[in-house]
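Every value quoted in this text rests on a predicted model; they were computed, and no experiment measured them. Note that ligands are numbered from 1 as they come in the structure, with each ligand's atoms numbered from 1 the same way.
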Amino acid sequence: MSSLTFLGTAPGVPLPGQLCSSALLETPAGRVLVDVGEPAAFTVRDLGWRSSDVAAVFITHAHSDHIGGLPMLLQGGFVEGRKEPLPIFLPRCILAPLRAWLEAVYLPEDFLGYEVQWHPWEPAEGADAEPVTWNGIAVTPTPTTHLEQVFSSSERARAAGRRYRPEQLRAYSLAFQLPDGPRVVFSGDIAKPEDLAVPLETPADVLVTEFCHFPAEAMLGWLKDRPVRRVFLTHLAPFLFGGIEALEAQVHATLPGVDIRVAREKMRVEL
Ligand SMILES: [Zn+2]
């Protein structure tokens, strides 16, 4: 049976007891990391595994709170003497700068002792990205408007954003169809609940959604009558809502009968 363990649930900055964005899927096909916010390699170790026990990595977008722990994961494999290749699935626009970053931290790929297999996706203009498959897991990336929102939020942001091509300003939601049945949707970072319309056209057993970049009420209202069995809220600071219990009470009052929980570090969920 597959399971999901939250490694980091912080809203863009580590907080007491909260680490940057990362989640671990344990599947019959192997252990998969969804985003690698720091300190993912430490948390994997703290849970009793090694960096080398991570069989594949999927990245929603390159904000540092989502990929800041990737070099240490790769370095962990190097120190541990990893031999198995490590497939990394990611938006094509971040591939070249990411490889340059690994060179900068003295982790050139021909030095690691194991192969990093890059699997970049890139949607055709106006289209969604094609599903990618690994070991029987089918993953569908869908672009979100998160980065467009970030780089349109002020004149300073717009000026900085003009340095990027439009295709570089795409974050992604990732929908995992696991080999033993569950369909798990990770929102990645989004700008509005409607960013999830395409991934949730197909019913999902679990939705892991960020809860940071839009009013809470907007997401709770939008989730009404969506084909989702269980929802986990992540990428949020519980104290802003009066604490986890207060937020869960608000959520359950708004959406009675929907199974929604606030994700916490090392929370493990059977899928
Ligand atoms: Zn983020």
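- Rounding to the nearest 10°, we obtain 100° for the angle at the Zn ion (ligand 1) between H235 NE2 and H66 NE2.
- R31 CZ: more than 12 foreign heavy atoms inside a 6.0 Å radius.
- Within D65, the N/O/S atom positioned nearest the Zn ion (ligand 1) carries the name OD2.
- Using a cut-off of 4.0 Å between Lys/Arg side-chain N and Asp/Glu carboxylate O, R226 and E194 are scored as not salt-bridged.
- Heavy-atom minimum distance, Q117 versus H119: O-CD2, 3.3 Å.
- Nearest to the Zn ion (ligand 1), among the N, O or S atoms that D189 has, is OD2.
- Looking at R92 and E167, no side-chain N of the basic residue comes within less than 4.0 Å of a carboxylate O on the acidic one, giving no salt bridge.
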